[in-house]
Amino acid sequence: MTTAFYSHTDCHLHDMGAGHPECPQRLDAINDHVRAIGLDIALDFRDAPNATLEQIERAHTANYVLQLREFMEQVQAEGQPRSLDPDTVVCPGTWNAALRSAGAAVAATDDVLAGRASNAFCSVRPPGHHATRSETMGFCFFNNVAIAARHALDVHGLKRVAIIDFDVHHGNGTEDIIAGDERVLMASFFQHPLYPYSGAVPKGTNMVNVPIPPYTRGGEIRDIIEAMWMPRLEEFKPQMVFISAGFDAHREDDLGQLGLVEADYEWITQRLFALAARHSQGRIVSCLEGGYALSSLSRSVAAHLRVLAGLD
Ligand SMILES: [Zn+2]
């Protein structure tokens, strides 16, 4: 089996300024750790192509994409970063990085569906799960996972796909895009209350939203997944599994106050791997979302990758 590892050097060119937690060094930390522990030999490294606007517009309005593009072109012309919201800054490299991030998710989907990879991880930034149909939010521009899920449905003709989101923050953008699209079942947990302060009341019957209080530890979260996610996912029988893989629910990550450790990410990935083996011919495309403490991020991604690569 082959686990594709998608990334691109353009993803480093998006830089929201000194001290911003969503920084290019996140990808370096993952790369360095994967190689330091010898996990690279189990992965097939692939360069992300650019997503096309047609692909992006399966999840975003054409007007949003146009406005964002014009804004980014102004920033490129000026050569100076500009803020779009209090958390989200556009710099001259942002447009290319965003196209590569979404393009990684789409290419990974094509590869997995064509049998060129058993599963795939997209080590990309900017992340995507806060980007709504028509809004940039929370470090996110294009919703990589939603774009990939729609690509699987609309282009490849799949009937049912699951989106799993284990980032510490609610994936409000993904919910905005796919709530009511009964071809998708989205299962997530998130710390609540915490940015973006949504999710406690799901926006559609195809959402399994599990708000979790701060300071909940991994054992309790595993019980919640077993009770709240798995029965719905087993019943839904997804033909493909997409993961919004944020690692900021780790206990070392200061952006949230949940208590996951690497072993919990390993366990969650094993549960999803088994689900995909039963219903989806093993097809999983996982995309990096959050995770800001560089050491715990890289260790947690490695735990996730070891399961995807069939080593754990
Ligand atoms: Zn997050």
Side-chain angles (χ1 to χ4, degrees), residues 11 14 16 19-27 29-30 84-89 97-98 101-102 105 121-132 135-146 148 163-178 186-200 207-216 218 221 224-225 229 242-262 264-265 268-269 272 286-301 303-304:
C11 291
H14 167 57
M16 295 192 284
H20 198 295
E22 207 292 277
C23 60
Q25 289 75 24
R26 297 174 64 228
L27 301 186
I30 293 169
L84 262 175
D85 74 30
D87 304 315
T88 314
V89 180
S101 291
F121 179 72
C122 301
S123 189
V124 293
R125 53 182 293 282
H129 76 150
H130 294 307
T132 72
E135 268 179 311
T136 305
M137 249 184 93
F139 319 160
C140 299
F141 301 90
F142 296 141
N143 197 310
N144 308 317
V145 159
I163 297 178
I164 313 294
D165 189 328
F166 56 69
D167 191 276
V168 79
H169 303 98
H170 175 232
N172 64 300
T174 315
E175 179 177 64
D176 177 68
I177 292 163
I178 63 99
M186 180 174 179
S188 70
F189 69 75
F190 45 89
Q191 182 180 322
H192 189 76
L194 184 69
Y195 180 90
Y197 305 100
S198 53
M207 315 297 306
V208 182
N209 291 8
V210 187
I212 294 183
Y215 307 108
T216 305
I221 292 175
I224 287 167
I225 288 172
W229 282 9
F242 293 89
I243 305 176
S244 267
F247 297 93
D248 42 9
H250 195 285
R251 71 179 176 201
E252 292 173 24
D253 200 302
D254 291 338
L255 267 72
Q257 287 79 42
L258 293 186
L260 295 192
V261 296
E262 294 92 296
D264 297 309
Y265 290 112
I268 294 170
T269 312
L272 299 176
S286 176
C287 297
L288 182 66
E289 299 283 1
Y292 304 99
L294 298 184
S295 174
S296 64
L297 168 66
S298 59
R299 290 173 355 240
S300 302
V301 169
H304 183 58

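For ligands, and for the atoms within them, numbers begin at 1 and follow the listed sequence. Just so it is clear, the values below take in all heavy atoms, side chains as well, and ignore hydrogens, waters and symmetry mates.
Residues satisfying the side chain to side chain contact (heavy atoms under 4.5 Å, CB included) test with Ser123, not counting sequence neighbours, are Phe5, Ser7, Leu27, Ile30, Phe121. In this structure, the ring-ring contact (aromatic ring centres under 6.0 Å, His included) partners of Phe189, at least two apart in sequence or on a different chain, are Trp229.
Distance alone, capped at 3.5 Å, is enough to place a donor-acceptor pair between the Thr216 side chain and the Pro213 backbone. Distance alone, capped at 3.5 Å, places no donor-acceptor pair between the Asn172 side chain and the Tyr195 backbone.
If you look at Asp248 and ask which of its N, O or S atoms sits nearest the Zn ion (ligand 1), the answer is OD2. Take the N/O/S atoms of Asp167: the one nearest the Zn ion (ligand 1) is OD1.
At least one N/O/S atom of His169, whether from backbone or side chain, sits less than 2.8 Å from the Zn ion (ligand 1).
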